[in-house]
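See below for the structure under consideration.
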Amino acid sequence: MIVKTTGPPDSKIFFLGEAPGEIEEQTGLPFQNMHGAGKTFNLILSQNGINRRDVRIRNVAMRRPTANNMSHFFYDSKCTVPKPELVMWIEQLRMELEESRPNVVVAMGAYALWALTGMKKISEARGYVVESTLVPGLKVIPTYHPQAINYEWKLFPVTVFDVRKAVYHSNSPDIPKDKTQYVAPAAFEMFMDYMDNILKARKRFAFDIEAHIGTAYPYLLGIADSAHFGMSFYNMKNNSSTMNTRQEAQLWQKLGELGRHCEVIMHNASYDKAVMWYHHGVLFENVWMDTLIAMHVIFPEFPRDLGFVGSIMLDVQPWKNLSKVDAAVYNVLDAIRTFAIAEPLEKELIKQKMEKTFNFEMSMLDPAIMMQLTGVKVDNERRLQLLDENAEQTRAVKLELDSQFKREINFNSSKQMQQLLYYELGLEPQFKRRKSVEQTRVMTTDAKAMKKLARKYPNHPWLTKILDYKKLLKLNGFLSAEPSPEGRYHTSYNITGSATENEGRKSFGRWSSSESIILTYGPGNLQNVPPIARKTYRADDGKIFVQADMRQAEAVIVAHLIGDTRLQHFFKMAFTASAEEQAKYDVHKLTASLMFEVDYDLITPEMRRVGKTLRHACSYSAGPEVVANALGIEISEAKILLNLYHKANPLLKVWYQIIQNELRTTRTLTTPLGRKHRFLDIWGDKLFRSAYSYLPQSTIGDFLNESMRILYDRFCEAGLEIVMQLHDALYVQCDNNQEAISDTMTKMAECMVRPITIGFEEFIIGVDFKVGTHWGDMDDKDILEIEEVEE
DNA sequence: GATTTTACGTA
DNA sequence: CGTACGTAAAATCT
């Protein structure tokens, strides 16, 4: 059946889909299936106050393709040569649009965009106003297809934004004129004059660099002093300077003055500011706004790249495609767009009342840059020795496994592992957990599955041997990283969290750590270095690490979030108790005592272990399988333990309900420290569990970072060296003597032991200290001990 | 050669 | 039906 256009012909907004689905084919109406794309489509409209009866809707194709696959309408698999039927429909579409002349067409999906503009990639134009080539002069705003949103729900709010933009554009047929002007690239004198004018007027400007991969040495500098004008300048071409020595000195001198006297806007200042300081000694002292940070604070669940921000904040043509065509133009447009988004971002920050969190994140730029550029010293002798030992052990285990299987097997290959375990040896196949029952089961040979198999087949001891072997291989990766010529490892601390576009795009406010692209030495992420590899990280000569981590941070926060006054009291007593009395305040023993209704003093180590596991698991709403795996017991036993835990801690489930109710209206949670997050997953358990973990995780991360900033502000100028950050722990290095250690611990305690307020309750999280010359080899140190030394 | 999937290290 | 993060190697796509 043919599915025709619906809606009033004089509608100023026109929605174009790709092809009808099954239900649409039956009803003859586009986007009519109320359980699939149609439902999502309606939801997008209703979020923008639109009624579908008031808008024109059609698909490019008017008949359902075989297997719902658009390639059916093309001769080739790459979908470049359309068959006559599709050509005819596109011609019909052209006539229809010529006749009704809507002010804007929303192109939903890649084929709709292709039919209207010839463009193929939705990601390159999504959210931007582009002109149709099919009907010249007609405005097109591309966005995702509703069915794509059904597959990836995180796309939903972005699409709502795009349609909102289309609604705005439906008021007029005019294509917005781009007033942008630039000089790219500018000659040396012109660029210097431009900077001079900005300097004299003390103007605010946006700054952006392009730099060589590997060295991060900048070759192109872009400056914009308004939302419509900027210049870029090549300081390097073909690996050599474009200037003579005198000019070069003048350039960096002038930029340095700008950095001192003018406010600057950057997108990802962590990088640009660090590079300019590191390579040219140019210090931008007044970063007025890092637009990446602003974006992170306002929309932590959205992508943050400049192209995306531009698409939702500005009315300009897409420019990211220029990066490979004309670097100078691309660079200056980046600077101009950065300037342009700052104003709407500032408005949004005020509107959402998020200035405090924004200023807080901005204030962490300097500590983060400092830590990246300083790095940590590597004990290379120790590293090589550990590497040798590791290689030795790896060889031994490999030999055993080889003789077991009589052939080479790549144990890192999931395919070969499945072949071996499930087909050749006929072990019971293990499957990954599915997101929903409809999904097909995927086989796995991951560590969890292997452990389960090892329990099931105790006569196959090689199962655990494979795990040992893989562990050694993994460790080898950490130990293999070469230190810098100065003998150091570096990492980039990312204030705005995840850089990778993971599913759901979570960012809970904790810092992430990744490979430094300025100083590319070390295993990259420093926050997942295993204990053995930590032995290679050492304090500088004559120095020692002081580690301070927040004691039981997560458990304390959860106790206050759920309003467990008994536990709150217990933690309070633990905090004030003397060193000898600490044994009386073991939260895991308390948990076990409540679960098993046994006297606190009679709790065995085994019972304590169960208590610890259960508290941890239940804080995040884990299920019986996880508990069973963690304790190495049967699922039925785990279920009993879970019941016991919830009976002893009834408030937890009450809190789960409260969180769900809070999410229901706006899907947004606000932490006790004022950070907001909107949860965009499909409504259900996965979303809930993510939300349960958000509040404690984010609060601890923010609290520790607050402490770090206070420490940095108060003591770093006077020589205190912060070296590492690990979510709930801080590492500082100081002179290796009692007095310096004691002084450092006192300073850290002063900054870290501060009251937190949740609800009406104010409380304090204690700090545990450890001291050592090597990260992997730290000894407990009680601050009371130190005070005694001082006395 | 580029992108996606699988697995795994830490908090 | 713990979650958050980044990276290496294998698998898969083009």
Q) Do any side-chain nitrogens or oxygens of A:S690 fall under 4.0 Å of OP1 or OP2 in C:dA4? A)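 Affirmative; the distance criterion is met.
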Q: Searching all strands shown, indicate the nucleotide that pairs with C:dG2 (Watson-Crick or G-U wobble; both distances under 3.5 Å).
A: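 Paired with no nucleotide.
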Would you mind telling me which of [options] lies closest to the side-chain atoms of [X]?
X: A:H616; options: B:dA11, C:dC1, C:dG2; value: C:dG2
X: A:K415; options: C:dG6, C:dT12, B:dT6; value: C:dT12
X: A:A447; options: B:dT6, C:dG6, B:dC8; value: B:dC8
X: A:R689; options: B:dA11, C:dG2, C:dT7; value: C:dG2
X: A:V442; options: B:dA7, C:dC5, B:dT6; value: B:dT6
X: A:K432; options: C:dA4, B:dA7, C:dC5; value: B:dA7

Proximity of [X] and [Y] rings by center, below 6.0 Å:
X: A:Y731; Y: A:W775; value: yes
X: A:H677; Y: A:F679; value: yes
X: A:F411; Y: A:Y469; value: yes

Length of the [atom1]-[atom2] vector between [X] and [N], whole Å:
X: A:K653; N: C:dG2; atom1: NZ; atom2: P; answer: 14 Å
X: A:L526; N: B:dT10; atom1: CG; atom2: C1'; answer: 10 Å
X: A:D768; N: B:dA11; atom1: CG; atom2: C1'; answer: 15 Å
X: A:Y493; N: C:dC5; atom1: OH; atom2: C1'; answer: 13 Å

Q. Counting N and O atoms only, with roles assigned by atom type, does the side chain of A:N649 sit under 3.5 Å from a partner on the main chain of A:L652, one being a donor and the other an acceptor?
A.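 A pair under 3.5 Å: no.
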(Q) For B:dG9, does the base pair up with any side-chain atom of A:N528 as donor and acceptor (N or O, under 3.5 Å, distance only)? (A)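 Yes.
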**Q.** Upstream residue (5' side of DNA chain C) when A:R510 and A:S516 are each assigned their closest nucleotide
**A.**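 On the 5' side of the pair lies A:R510.
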